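The shown structure was predicted, so the numbers you read here are calculated from the model rather than taken from an experiment. Below, each value reflects all heavy atoms present in this structure, side chains not excepted, and no hydrogens, waters or symmetry copies.
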Amino acid sequence: MPFALRGKRVVVLVAEGFEDLEFWVAVMRRQEEGAAVTIAGIKPGAVLTGKNGLSATVEVAVEDVAAVDVDAVVVPGGWAPDKLRRSEAVTSLVRRTHDDGKIVGLICHAGLVGISAGILGGGRATGSLGIKDDLVNAGAVWTDEPAFREGNIVWGRVVEDIPDFCRELVAAIALG
């Protein structure tokens with residue numbers, strides 16, 4: 001199904017210390033499928049460095065993104081989710097996107113943002129083993145699988161599971 005995401009608007013959140021592959025593959029894979037991808041962060045114009053040295057430039061402030069204007073929000077892992085979860089603009093966007101029935105993609109440590117946004121709701125979740133206790137304590141049911149969709153949240157476990165995460169995410173946004 002070529003260009004499965006044509007006409008879809010996807011926001012990928014970023015902060016210093018993002019997991020390079022989880023960020024860039026998320027951006028490129030959505031673009032490859034025809035989505036309009038916007039990179040949002042706390043400070044527009046900021047050039048951020050990933051854990052492994054790749055850079056990303058924030059195109060727009062998260063506070064300027066409205067859930068009504070997007071089809072999906074994707075949060076890559078790394079150290080960035082711990083920074084992003086401290087922003088009311090981030091947790092509000094993720095919560096509103098979720099509450100509007102749109103797709104929220106969380107991979108690796110990004111579950112921390114889901115916890116702070118209050119969107120777990122007792123469903124299945126996965127991510128880095130380092131946040132398993134956090135997810136369980138927030139009411140999620142830990143599931144050790146590469147990637148899956150639970151309601152309108154698409155979960156990915158770790159870097160090695162990016163292909164599975166991308167397949168699940170593209171399919172979920174396409175159905176959107």
query = Is Leu112 close to Asp134 at the side-chain level, that is, under 4.5 Å between some pair of heavy atoms?
reply = yes
query = Closest heavy-atom contact between Leu93 and Thr97?
reply = O-OG1, 2.7 Å
request  = Measure the shortest side-chain to side-chain distance between Ile153 and Trp155 over non-hydrogen atoms and say whether it is less than 4.5 angstrom.
outcome  = yes
ask   = Going hydrophobic residue to hydrophobic residue with side-chain gaps under 4.5 angstrom, can you get from Val60 over to Val12?
value = no
remark   = One should read off an interatomic distance between Leu13 CG and Ile39 CD1, to the nearest 0.5 angstrom, of 10.5 Å
inquiry  = I'd like to check Ile162 versus Leu21 (side-chain heavy atoms, cut-off strictly below 4.5 Å). Are they in contact?
reply    = yes
Nearest-0.5 Å distance that lies between atom CZ in Arg86 and atom CD1 in Ile42 = 11.0 Å
ask   = Any sub-3.5 Å donor-acceptor pair from Arg9's side-chain atoms to Asp69's backbone N or O?
value = yes
query = Where do Val158 and Ser128 come nearest, in terms of heavy atoms and distance?
reply = CG1-CA, 4.0 Å
message = Under 4.5 Å between side-chain heavy atoms, counting indirect links through other Ile/Leu/Val/Met/Phe/Trp/Tyr residues: same cluster for Leu169 and Val10 or not?
response = yes
ask   = Do Asn152 and His98 come within less than 4.5 Å of each other through their side chains, counting heavy atoms only?
value = yes
query = Are Val170 and Val37 linked, directly or through other ILVMFWY residues, by side chains that come within less than 4.5 angstrom of each other?
reply = yes
note = Val47 and Ser55 have their tightest heavy-atom pair at CG1-CB, 4.1 Å
inquiry  = Tell me if a side-chain donor or acceptor on Thr126 pairs with a main-chain N or O of Thr143 at a distance below 3.5 Å.
reply    = yes
key: Asp99/Arg96 salt bridge by N-O under 4.0 Å criterion   = no
task = Identify the two heavy atoms, one from Gly41 and one from Val58, that lie closest to each other, and give their separation to 0.1 Å.
result = N-CG1, 3.2 Å
query = Would you find a donor on one side and an acceptor on the other, under 3.5 Å apart, between the side chain of Glu22 and the backbone of Gly77?
reply = yes
note = Applied to residues 14-65, the ring pair (Phe, Tyr, Trp, His ring centres under 6.0 Å) test, sequence neighbours excluded, yields Phe18-Phe23
task = Using a 4.5 Å cut-off on heavy atoms from C-beta on, say whether the side chain of Arg30 contacts that of Ile173.
result = yes
message = If you define the side chain from C-beta out and look only at heavy atoms, does anything of Leu129 sit under 4.5 Å from Lys132?
response = yes
note = Taking every heavy atom of Pro76 against every heavy atom of Ala110, the minimum-distance pair comes out as O-CB, 3.8 Å
key: Heavy-atom closest contact (Val154 atom, Ala172 atom, distance)   = CG2-CB, 3.7 Å
ask   = Is any NZ, NE, NH1 or NH2 atom of the basic residue among Glu88 and Arg95 found under 4.0 Å from an Asp or Glu carboxylate oxygen of the other?
value = yes
Trp142 side, atom CH2; Asn137 side, atom CG - distance, nearest 0.5 Å = 12.5 Å
message = Any non-hydrogen side-chain atom of Val113 less than 4.5 Å from a side-chain atom of Val90?
response = yes
query = Honestly curious: do Val104 and Val74 fall in one hydrophobic cluster under the side-chain, below-4.5 Å linking rule?
reply = no
request  = Verify the cluster assignment for Val159 and Val27: are they in a single hydrophobic cluster under the rule of side-chain heavy atoms below 4.5 Å apart?
outcome  = yes
ask   = Rounded to the nearest 0.5 Å, how far does CG of Asp161 lie from CZ of Arg167?
value = 10.0 Å
ask   = Out of curiosity, Met28 CE to Glu33 CD, how far, rounded to the nearest 0.5 Å?
value = 15.0 Å
From CA spacing to verdict: side chain to side chain contact (heavy atoms under 4.5 Å, CB included), Ile103, Asp71 = CA-CA 7 Å; Ile103 299 300; Asp71 297 295; over 6 Å; no
message = Does anything in residues 116-126 form a salt bridge (charged side-chain N to carboxylate O under 4.0 Å, His left out)? List the pairs, not counting sequence neighbours.
response = Arg124-Glu145, Arg124-Glu150
ask   = Does a side-chain heavy-atom distance below 4.5 Å link Thr91 with Ser87?
value = no
query = Are the side chain of Lys102 and the backbone of Val70 linked by a donor-acceptor contact shorter than 3.5 Å?
reply = yes
ask   = Is it true that a side-chain atom of Glu16 and a backbone atom of Leu48 form a donor plus acceptor pair closer than 3.5 Å?
value = no
key: Distance, nearest 0.5 Å, that separates CD1 of Ile115 from CZ of Arg85   = 5.5 Å
task = Please report the C-alpha distance between Leu84 and Val75 in whole Å, then the side-chain angles of each, then the deciding distance to 0.1 Å, and finally whether the side chain to side chain contact (heavy atoms under 4.5 Å, CB included) criterion is met.
result = CA-CA 9 Å; Leu84 290 168; Val75 186; 4.2 Å; yes
message = Between Asp20 and Lys51, does any NZ, NE, NH1 or NH2 come within less than 4.0 Å of an OD or OE carboxylate oxygen?
response = no
query = After noting the C-alpha distance and the side-chain angles of Leu135 and Leu120, does the key distance pass the side chain to side chain contact (heavy atoms under 4.5 Å, CB included) rule?
reply = CA-CA 8 Å; Leu135 292 168; Leu120 300 191; 3.9 Å; yes
